[in-house]
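Have a look at the structure below, then the notes.
So you know, we letter chains A, B, ... as the sequences are listed, proteins then strands, and number each from 1. Scope of the values below: all heavy atoms of this structure, side chains included, with no hydrogens, waters or symmetry mates.
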There are 2 protein chains.
Amino acid sequence: MGRPARIDRDAVLGAALAIADAEGLDAVTMGAVAERLEVTPMALYRHVASKADLLDGLVERLLTELQVQPQRADAGWSEHLAAAARATRVSARRHPAVFPLLLQRPATTVSARRVRDAIEGALREAGVASDLVSQTERLVSTAILGFAVSEVAGRFARHSRRQLDADFERLLEWLGQLIESQTLH
Amino acid sequence: MGRPARIDRDAVLGAALAIADAEGLDAVTMGAVAERLEVTPMALYRHVASKADLLDGLVERLLTELQVQPQRADAGWSEHLAAAARATRVSARRHPAVFPLLLQRPATTVSARRVRDAIEGALREAGVASDLVSQTERLVSTAILGFAVSEVAGRFARHSRRQLDADFERLLEWLGQLIESQTLH
DNA sequence: ACCTGAACACCGTTCAAGT
DNA sequence: ACCTGAACACCGTTCAAGT
């Protein structure tokens, strides 16, 4: 006993994410992850309960990596919102295979809450009434996630990058407009 | 030769969809589909090129089943849009396992075009300028699909049906508002 | 405490053979 | 023309055994 650990949960998730990014979700098998770590597949089960647990871990890692800037005081709510939305899209493009899984789990983890708080903060800053903040956050996040997932999952495969950039900017304008219409002036 | 066919592609897709609806996507194996048709798994390959092709077929079937009402003359564009959106949500709830796959493929098939045409028709009817119609359709559809997928895939699992109904109605109001703001008054 | 070898039930897919 | 039997490479997962 006291045998030095050669891998840990973080290493497992890191290897799995690298495979997912490079070869897609189907390539993420216990065997492939193990091989990358120079270990047998069975060794993974000490650090991950199951393959489903491994995928949950990947989703959590995406959320953790998602850079939501600490609110800069010199920028307004609409810049804060746009920054969070753009960071979300960047994360989607960096991890196209894993990102769509975000639609499958309620945002209950610590890092998910961080992202939500950032958006809710922007909404309050904009002047959205307290009792409308959480519904508004859900719908705003849904639109942003829906776009980002569509883009990386393939629904927009026929559209150019330039077109998608323009679509996304228009989406941000719309969201800003809607939020303003929601405030007392 | 001339042996009577016991199954056809439609039967394969029907069996697969029934399994997906009842037990989820993971339960859709070639073996399970074959068993339901009282046939061996190998028999499916005459009617379906691969499992990926089978899943593509399921997505296409969802689109076909999606009831987009023929535009009723006595209703306005906003009712037409709302009707298409509600039909989309109903389809999602009926086929929660398969519906999320819609985000993975460009809407290039005949039945996908039917749905898109219905929405673009509503937009034109509303008075959206021609050169904005297709971008507006993409963003409106993205919001509706994003919501419906979130709901059936589990992202809103913590929210009550009543809350989700209210969220969806608010989303429809928003979309109507945005479209109006897009017209020449 | 951590990793492995052997084993199990299952998966998608092929190909030649049967009717 | 349509379905099957046999076979292949692979999959996730378990459990007892090794260090």
Side-chain angles (χ1 to χ4, degrees), chain A residues 1-61 95 97-98 100-101 104-105 153-154, chain B residues 1-61 95 97-98 100-101 104-105 153-154:
Chain A
M1 45 182 171
R3 178 172 173 170
R6 302 169 55 178
I7 58 173
D8 57 11
R9 184 178 169 92
D10 217 58
V12 173
L13 296 180
L17 187 55
I19 294 169
D21 291 348
E23 304 171 58
L25 214 55
D26 286 350
V28 180
T29 65
M30 301 304 265
V33 174
E35 189 181 10
R36 181 174 260 259
L37 296 169
E38 296 184 306
V39 113
T40 64
M42 303 79 87
L44 303 180
Y45 286 90
R46 190 147 303 268
H47 308 283
V48 125
S50 63
K51 183 166 181 194
D53 180 45
L54 187 156
L55 293 177
D56 279 358
L58 289 187
V59 173
E60 180 59 12
R61 249 180 100 114
H95 307 294
V98 177
L101 301 181
Q104 298 186 10
R105 330 224 164 264
Chain B
M1 45 182 171
R3 177 173 175 170
R6 303 169 54 178
I7 58 173
D8 57 11
R9 185 179 169 90
D10 216 58
V12 173
L13 296 180
L17 187 55
I19 295 169
D21 291 348
E23 304 171 58
L25 214 55
D26 286 350
V28 181
T29 65
M30 301 304 265
V33 174
E35 188 182 10
R36 179 174 260 261
L37 296 169
E38 295 184 307
V39 112
T40 63
M42 302 80 86
L44 303 180
Y45 287 89
R46 189 148 303 268
H47 308 283
V48 126
S50 63
K51 183 165 182 195
D53 180 45
L54 187 157
L55 294 178
D56 279 357
L58 290 187
V59 172
E60 181 59 11
R61 250 180 99 115
H95 307 294
V98 177
L101 300 182
Q104 297 186 11
R105 330 222 165 265

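For the segment residues 5-12 of chain A, the set of residues with a heavy atom within less than 4.0 Å of an atom of DNA chain C comprises A/Ala5, A/Arg6, A/Ile7, in numerical order. Contacts of residues 34-47 of chain B with DNA chain C (heavy atom under 4.0 Å): B/Met42, B/Tyr45.
Closest approach of A/Leu37 to A/Leu44, counting heavy atoms only: CD1-CD2, 4.0 Å. Residue A/Ala32 comes nearest to A/Ala27 through the heavy atom pair CB-O, 3.5 Å, listed as atom of the first residue, atom of the second, then distance. Here the closest non-hydrogen pair linking B/Arg9 and B/Asp53 is NH1-OD2, 3.0 Å. Minimum heavy-atom separation, A/Val28 to A/Lys51: O-NZ, 2.8 Å.
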Dot-bracket for DNA chain D, 5' to 3', Watson-Crick and G-U pairs with both distances under 3.5 Å, [ ] for crossing pairs, | for partner on another strand, reads ||.|||||...|||||.||
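When the salt bridge (Lys or Arg N to Asp or Glu O under 4.0 Å) test is applied to B/Asp10, the partners found at least two apart in sequence or on another chain are B/Arg61.
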Could you list the donor-acceptor pairs under 3.5 angstrom formed by side chains in residues 15-26 of chain B, with sequence neighbours left out?
{"from": "B/Asp21", "atom 1": "OD1", "to": "B/His95", "atom 2": "ND1", "distance (Å)": "3.0"}
{"from": "B/Asp21", "atom 1": "OD2", "to": "B/His95", "atom 2": "ND1", "distance (Å)": "2.9"}

Polar atom pairs (N or O), protein with nucleotides 9-11 of chain D, under 3.5 Å:
none

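The shortest side-chain heavy-atom distance between B/Arg46 and B/Ile7 does not fall under the 4.5 Å cut-off.
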